[in-house]
Amino acid sequence: MKKWLLVVLTLALGLSLAACSGSSSSSSDKKEDTKKSEKTNVKDDVLNYYMSLVDVIDTNNADYNAYVAAVGADPKPGEAELAALAKPASESALKVSETLASQKIPDLGKYTDDFKAAVEDLSIAYKQESDALKASGRDTTKADEAMAKADEAIANVLKEAGLNPSSITTDTAS
């Protein structure tokens with residue numbers, strides 16, 4: 001009888017140890033799943049914010065894009081036509097700058113500050129484009145460099161978040 005009791009108690013102890021050890025690995029699995037979920041959520045948030053940024057710019061920069069397309073056209077339009085396109089392009093670039101400056105950056109985890117700085121740089125670049133288009137000669141070289149720098153900063157944030165880097169200037173050119 002004692003042997004049977006010993007066997008039953010040993011089995012009970014073995015089953016309880018197996019149950020406890022299974023729950024601890026399950027707990028660590030849940031922690032890993034939570035971390036993966038949080039990473040996925042931040043990645044999704046970064047992508048969603050980027051896409052909303054593209055939409056905001058697209059909504060306001062049609063005239064600017066028309067000017068940029070005209071400057072790059074072959075054959076290039078005459079000076080009178082470019083001058084006529086420059087005024088609405090300047091207003092369009094200014095509107096984009098103001099809209100970007102008023103953007104509220106959502107919580108994007110560790111990418112929030114980098115995205116905020118990149119959007120501020122992009123806003124400044126559009127303001128520089130606007131000012132350059134108003135000036136005689138319409139030299140947008142410095143503004144174009146600032147735009148490229150902001151574009152690269154946004155692409156770097158996307159890359160760091162595990163997304164394919166994208167060019168916001170390309171994504172907003174229509």
Using 0.5 Å steps for rounding, measure from the [atom1] atom of [X] to the [atom2] atom of [Y].
X: K116; Y: K104; atom1: NZ; atom2: NZ; answer: 9.5 Å
X: L163; Y: L47; atom1: CG; atom2: CG; answer: 5.5 Å
X: K142; Y: D131; atom1: NZ; atom2: CG; answer: 12.5 Å
X: L122; Y: D151; atom1: CG; atom2: CG; answer: 8.0 Å
X: N48; Y: M51; atom1: CG; atom2: CE; answer: 9.0 Å
X: K127; Y: E98; atom1: NZ; atom2: CD; answer: 8.5 Å

With a 4.5 Å cut-off on side-chain heavy-atom distances among I, L, V, M, F, W and Y, is there a chain of contacts connecting [X] to [Y]?
X: I105; Y: L158; value: yes
X: V71; Y: V96; value: yes
X: I57; Y: V68; value: yes
X: L85; Y: M147; value: yes
X: V119; Y: L108; value: yes

Minimum side-chain heavy-atom gap [X]-[Y] below 4.5 Å:
X: T140; Y: Q128; result: no
X: D58; Y: D171; result: no
X: K95; Y: D63; result: no
X: V157; Y: Y50; result: no
X: R138; Y: E79; result: yes
X: K87; Y: E91; result: yes
X: I168; Y: V54; result: yes
X: L82; Y: K76; result: yes

Hey, is the main chain of [Y] close enough, under 3.5 Å, to the side chain of [X] for a donor-acceptor pair?
X: D107; Y: T112; answer: no
X: S97; Y: I124; answer: no
X: S130; Y: Y126; answer: no

Closest non-hydrogen atom pair, [X] against [Y]:
X: A62; Y: S92; result: N-OG, 3.8 Å
X: N61; Y: T172; result: ND2-O, 3.6 Å
X: P165; Y: A155; result: CB-O, 3.5 Å
X: A118; Y: A153; result: CB-CB, 3.8 Å
X: A125; Y: A146; result: CB-C, 3.7 Å
X: Y67; Y: A89; result: CB-CB, 3.4 Å

Practice problem: Assert yes or no for the condition that the ring centre distance of Y111 to Y49 is strictly below 6.0 Å. | Solution: no
